[in-house]
Amino acid sequence: MQPTAHPPKPETNPRTVALGAFAGTALEWYDYYVYGTAAALIFNSQFFPELSPLAGTMASFATFGVGFVARPLGAAVFGHLGDRYGRRRILMVTVVLIGVVTGCIGLLPTYAQIGVAAPILLATLRLLQGLSVGGEWSGAATLAVEHAPKEKRGIYGVMPQMGSPVGSLTATAVFALVSVLPDAQFESWGWRIPFLLGFPLLLIALWVRSRVDESPVFQEMLTQQRAAKRPLVELVRTSGGRLIAGIAVSFVGIGGYYLCGTFLVNYGSDTVGIDRTVLLNAATLGSFINLCLYPAFGRIADRVGPGPVAVWGAAASAVAAFPIFWLVGLGSAAGVAAGLVLGVVLVSVSYAACGQLLSEMFTREVRYSGVGLSYNVSGAISGFVPLGATALLAATGESLWPVAAMLCVFSLITLFAAVAAKRLRVAEL
């Protein structure tokens with residue numbers, strides 16, 4: 001496969017570009033969240049029945065963790081291909097991969113049917129799921145920002161981020177519907193429905209994305225024969241400092257979310273004894289608020305730039321870190337839920353600016369690779385944040401203040417990186 005220059009096509013309608021960026025990432029995150037929910041609810045009995053309930057749950061979450069490990073590898077592979085052969089072409093591959101993999105999980109035989117091959121196949125499909133996620137968000141953000149008029153990069157760049165709350169809300173809603181089935185039916189076939197929906201959702205996402213043209217920036221790069229032959233090597237050689245800053249820029253939006261969302265749901269349920277439904281509803285409310293606020297953050301970024309938005313969000317998260325965990329420490333359902341919602345919303349302010357901010361930090365020849373590795377290395381590290389917070393809690397006699405300090409540190413890391421990113425911005429998008 002060789003990159004070929006094509007005559008420029010008429011510019012894709014801006015709404016089509018925004019919808020294409022959103023549709024693929026919404027499908028990606030729906031599939032990702034569906035897997036996480038199933039790992040918590042059903043995979044232990046379907047794929048690890050020979051283990052104790054606790055060990056089976058741990059094994060289920062281990063397969064969940066495989067996806068995080070695979071994401072940087074996916075970012076490297078698909079980033080290289082996207083910089084070499086085109087953003088749009090590779091994004092078609094990632095969206096097909098995630099949809100097919102998710103649908104296939106819904107068709108998997110269980111341990112009772114094929115024995116140890118069942119969990120092996122499950123882990124393999126999860127690995128492929130992580131690989132595709134590693135290339136999806138970064139490609140969608142790159143394509144959206146490169147299509148955007150200069151004065152609208154913020155609102156274009158925020159569209160891939162909106163896929164995350166929509167995917168989360170949709171996955172939660174679908175599992176809530178199938179969970180009303182009698183236990184025997186849910187365990188026999190009901191749990192498969194959310195995964196099988198990956199097939200029709202793929203067709204919708206594929207149709208929407210097929211209407212988006214290749215990035216005009218990449219087309220111009222091909223015309224000028226500027227496409228890098230070894231984008232990943234070029235990235236490390238010329239943009240190592242930008243890559244480190246990019247990882248830090250993404251950190252509070254991803255790691256802070258897992259701390260305020262995933263960790264607090266577990267803490268509120270297991271340590272405080274709050275009904276898990278209350279906590280999941282709080283997390284859902286936080287996702288809904290983010291979905292409503294992301295367009296506003298994008299428009300603000302169009303006025304002042306993505307750097308200030310990331311700085312303000314990180315500063316707000318740092319200032320609110322200890323009040324958030326003070327609310328959680330009250331031990332009431334209302335306090336934990338309020339802290340969870342406040343934390344999830346505040347850390348997402350910086351996340352809203354990530355698409356544009358990261359895209360403007362890397363030259364066009366290595367942009368897909370740079371954005372992808374920045375985002376997904378940060379995501380892989382962040383996957384261990386709930387574990388680290390739980391270990392801190394155990395080591396300090398269940399004191400929440402060290403965990404609050406974690407959030408404060410994450411926020412300051414992103415704050416300083418966002419300040420540095422302004423100086424690292426490339427002259428030519």
Before giving the answer on side chain to side chain contact (heavy atoms under 4.5 Å, CB included), spell out for R367 and V217 the whole-Å C-alpha distance, their side-chain angles and the decisive distance to 0.1 Å.
CA-CA 11 Å; R367 182 167 293 134; V217 171; 4.1 Å; yes
Determine whether F410 and V347 make a side-chain contact, defined as any pair of heavy atoms from C-beta on separated by less than 4.5 Å.
no
Applying side chain to side chain donor-acceptor pair (under 3.5 Å) to T102 and not counting sequence neighbours gives D31, Q129
Write down the atom of L27, the atom of A205, and the distance for their closest heavy-atom approach.
CD2-CB, 3.9 Å
Are the side chain of T124 and the backbone of I120 linked by a donor-acceptor contact shorter than 3.5 Å?
yes
How close do S350 and A310 get, heavy atom to heavy atom, and via which atoms?
OG-O, 2.8 Å
Looking at Y35 versus F43, is the centre-to-centre ring distance below 6.0 Å?
yes
Under the 3.5 angstrom rule, does the side chain of H147 hit a backbone N or O of D213 as a donor-acceptor pair?
yes
Evaluate the side-chain proximity of L235 to D83: yes if any heavy-atom separation is below 4.5 Å, no if none is.
no
Indicate the atoms forming the closest heavy-atom contact of F175 with A38, along with that distance.
CZ-CB, 3.8 Å
How many angstroms lie between atom CG of L243 and atom OG of S369, to the nearest 0.5 angstrom?
10.0 Å
Non-hydrogen side-chain atoms of Y368 and S138 separated by less than 4.5 Å
yes
Straight-line distance of T142 OG1 to L91 CG, nearest 0.5 Å
8.5 Å
Are the side chain of S188 and the backbone N or O of A184 linked by a donor-acceptor pair below 3.5 Å?
no
Indicate yes or no: at least one non-hydrogen side-chain atom of V252 is less than 4.5 angstrom from one of I413.
no
Starting at CE of M92, measure out to CG of L206 and round the result to the nearest 0.5 Å.
4.5 Å
Treating Q113 as the side-chain partner and T110 as the backbone partner, does any N or O pair qualify as donor plus acceptor under 3.5 Å?
yes
For the pair T170 (side chain) and V166 (backbone), establish whether a donor and an acceptor sit closer than 3.5 Å, ignoring hydrogens and angles.
yes
Quick one: do F263 and Y258 satisfy side chain to side chain contact (heavy atoms under 4.5 Å, CB included)? Show the steps, please.
CA-CA 6 Å; F263 168 75; Y258 286 128; over 6 Å; no
May I have all residue pairs that pass ring pair (Phe, Tyr, Trp, His ring centres under 6.0 Å) and include part of residues 89-143, sequence neighbours excluded?
W137-Y375
Would you check if M162 and P295 make a side-chain contact, meaning some heavy-atom pair closer than 4.5 Å?
yes
Looking at L131 and A70, what are the two nearest heavy atoms and their distance?
CD2-O, 3.6 Å
Which of these passes side-chain contact (heavy atoms from CB on, under 4.5 Å) with F78: L97, V133, N376?
L97
With rounding to the nearest 0.5 angstrom, report the CG to CD1 distance, L201 to I98.
11.5 Å
Looking at side-chain heavy atoms only, is the closest gap between L143 and V212 below 4.5 Å?
yes
Looking at V278 and I274, what are the two nearest heavy atoms and their distance?
CB-CG2, 4.1 Å
Begin with the C-alpha distance, continue with both residues' side-chain angles, and end with the deciding distance and a verdict on side chain to side chain contact (heavy atoms under 4.5 Å, CB included) for F251 and I381.
CA-CA 9 Å; F251 201 52; I381 296 170; 3.8 Å; yes
With a 3.5 Å distance limit and no angle check, can you tell me whether Y30 reaches the backbone of P194 through a side-chain donor-acceptor pair?
yes
Taking C-beta and beyond as the side chain, do L264 and L279 meet within less than 4.5 Å on heavy atoms?
no
Donor-acceptor under 3.5 Å (R71 side chain, G134 main chain)
no
Interatomic distance, M159 atom CE to T25 atom OG1 [nearest 0.5 angstrom]
8.0 Å
Taking G190's backbone N and O only, do any of them form a donor-acceptor pair with Q185's side chain (distance below 3.5 Å, no angle check)?
no
Assess whether atom CZ of F199 is packed by more than 12 heavy atoms of other residues, nucleotides or ligands within 6.0 Å.
yes
Salt bridge check, R209 against E28: does any charged N sit closer than 4.0 Å to a carboxylate O?
no
Shortest non-hydrogen contact from Y294 to Q161?
CE1-O, 3.5 Å
Please round to the nearest 0.5 Å and tell me the distance separating atom OG of S239 and atom CE of M361.
9.0 Å
Could you please spell out the steps behind the side chain to side chain contact (heavy atoms under 4.5 Å, CB included) verdict for L108 and F195?
CA-CA 10 Å; L108 273 182; F195 290 97; over 6 Å; no
Pick one: which of V344, L407, I254 meets side-chain contact (heavy atoms from CB on, under 4.5 Å) with L259?
L407
Taking C-beta and beyond as the side chain, do F362 and V371 meet within less than 4.5 Å on heavy atoms?
yes
Looking at R88 and E214, is any side-chain nitrogen of the basic one under 4.0 Å from a carboxylate oxygen of the acidic one?
no
